[in-house]
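Working notes, beginning with the structure itself.
As the structure is a computational prediction, the values presented were derived from the model and not from experiment.
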Amino acid sequence: MRQNRLYSILMISPACGLIGLFFIYPLISSLKIALSDAAGNWSINPLIKAWRLYDRDLAYTIIVVAVALGLIAILTVVISGLITLSPFKRLNQCLAFLYRWPLFIPFIVVGQMMRTFLAKNGLMNNALVQLHLLTPFETVSFLDWRGIIFTFVWKQLAFSTLLVAGAMAAIDSQQVKAAQNIGATRMKVFTSILLPQVLPNLGVALVLSCVTMMSVLSVPLMLGTGTPSMLTTDMSFRINSYGDYATANALGVFSYLVTSAVAWFYLQHNLKQQRTYG
């Protein structure tokens, strides 16, 4: 028994070591800097300073991420349902091919792509002008919060759809066939059988997407103009312009709190479901 326990500890120790080195230690170090003054004494002044300077940016960040998550959830559910239930095989193959593209493109490349696509004289507006849907004087730039949301949705949609569509494909097909045999429409099958069973997978995708969007610097830096801006841009500004690591880490604490709240909400909902059906 003791040997099995020792063997188990040895097996998980490399993973625990990596988590401690690359996640727990940076988190503790960041919290220590965010709660220290210039002399190294414990203080909440960096948090107060960060709140006073960037409270509007914090609200802006939360709104942008929330809107993007809502759009990701809706589009993920729609695309996954079409891939799973659509009788048109060519449409399924086309969707399956297209939605995977963003998985292999880094965020910094996505940011540069969207700068050339969403600018006032970018590819999107030029295409609309060529189609006579707009005149050159009617075009507007989307290099603002709209461009950031569009970019986040386009990039993270591939990841979330991969999780949810895979979960739908793993559901026993006999459930779908049985429902169709008693007259259920595809919409009824989707809403009553498939969607309830993949909600945990959708929740995981949204939580991970939230963490990713809260941590990306390149997209808001390349697409955002003026104020307010996202917290990652503010962190970069405080470090590069002032060397103010305390305020930058205090902004990081606010990001931790936002992502932790999203993760806590998901875990509580998941545990509640397990208690209900367990």
Side-chain angles (χ1 to χ4, degrees), residues 19 23 61-89 91-104 107 148-216 219 255-278:
I19 292 173
F23 293 95
T61 301
I62 293 173
I63 292 172
V64 167
V65 171
V67 173
L69 286 176
L71 293 174
I72 289 170
I74 294 171
L75 293 174
T76 295
V77 168
V78 171
I79 294 175
S80 300
L82 286 173
I83 292 174
T84 305
L85 294 176
S86 175
F88 305 105
K89 299 300 180 182
L91 175 62
N92 294 351
Q93 294 172 356
C94 181
L95 282 174
F97 175 72
L98 289 176
Y99 86 79
R100 290 189 178 99
W101 276 20
L103 283 172
F104 309 101
F107 266 106
I148 295 174
I149 292 174
F150 181 88
T151 304
F152 280 155
V153 171
W154 184 80
K155 182 69 172 73
Q156 290 303 118
L157 183 61
F159 169 74
S160 60
T161 303
L162 188 66
L163 286 181
V164 175
M168 285 187 181
I171 295 174
D172 187 2
S173 61
Q174 295 301 321
Q175 299 181 34
V176 176
K177 291 179 180 179
Q180 290 176 338
N181 287 337
I182 61 175
T185 62
R186 285 191 175 88
M187 180 59 70
K188 187 66 175 179
V189 169
F190 176 71
T191 57
S192 301
I193 297 177
L194 296 182
L195 187 57
Q197 296 187 63
V198 300
L199 284 179
N201 302 84
L202 179 61
V204 171
L206 294 180
V207 170
L208 295 178
S209 295
C210 175
V211 173
T212 300
M213 291 186 289
M214 289 291 296
S215 63
V216 171
V219 170
S255 297
Y256 299 150
L257 294 175
V258 173
T259 53
S260 298
V262 173
W264 178 86
F265 176 79
Y266 166 73
L267 291 174
Q268 288 295 114
H269 180 72
N270 199 25
L271 289 173
K272 184 178 179 180
Q273 280 190 327
Q274 290 180 359
R275 294 192 197 101
T276 302
Y277 300 104

Quick check: do [X] and [Y] have side-chain heavy atoms less than 4.5 Å from each other?
{"X": "V164", "Y": "V77", "result": "no"}
{"X": "V207", "Y": "L267", "result": "no"}
{"X": "Y266", "Y": "V204", "result": "yes"}
{"X": "L69", "Y": "C210", "result": "yes"}
{"X": "L208", "Y": "V211", "result": "no"}
{"X": "V258", "Y": "T61", "result": "no"}

For the student: nearest non-hydrogen atoms of [X] and [Y], plus distance:
{"X": "N201", "Y": "Q197", "value": "OD1-O, 4.0 Å"}
{"X": "T84", "Y": "A165", "value": "OG1-O, 4.5 Å"}
{"X": "A167", "Y": "V198", "value": "CB-CG1, 3.7 Å"}
{"X": "L85", "Y": "R186", "value": "O-NE, 3.1 Å"}
{"X": "S160", "Y": "I72", "value": "OG-CG2, 3.4 Å"}
{"X": "S209", "Y": "Q156", "value": "OG-NE2, 3.2 Å"}

Given side chain to side chain contact (heavy atoms under 4.5 Å, CB included), test T212 with F107 step by step and report yes or no. CA-CA 10 Å; T212 300; F107 266 106; 3.5 Å; yes

Of V67, L71, I74, T76, which is the lone residue that meets side-chain contact (heavy atoms from CB on, under 4.5 Å) with V153?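 Result: among V67, L71, I74, T76, L71 is the only option passing the side-chain contact (heavy atoms from CB on, under 4.5 Å) with V153.
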
To the nearest 0.5 Å, how far apart are [atom1] in [X] and [atom2] in [Y]?
{"X": "M168", "Y": "L195", "atom1": "CE", "atom2": "CG", "value": "6.0 Å"}
{"X": "I79", "Y": "I83", "atom1": "CD1", "atom2": "CD1", "value": "6.5 Å"}
{"X": "D172", "Y": "K177", "atom1": "CG", "atom2": "NZ", "value": "9.0 Å"}
{"X": "M213", "Y": "S255", "atom1": "CE", "atom2": "OG", "value": "12.5 Å"}
{"X": "L82", "Y": "F190", "atom1": "CG", "atom2": "CZ", "value": "8.0 Å"}
{"X": "L162", "Y": "L103", "atom1": "CG", "atom2": "CG", "value": "6.0 Å"}

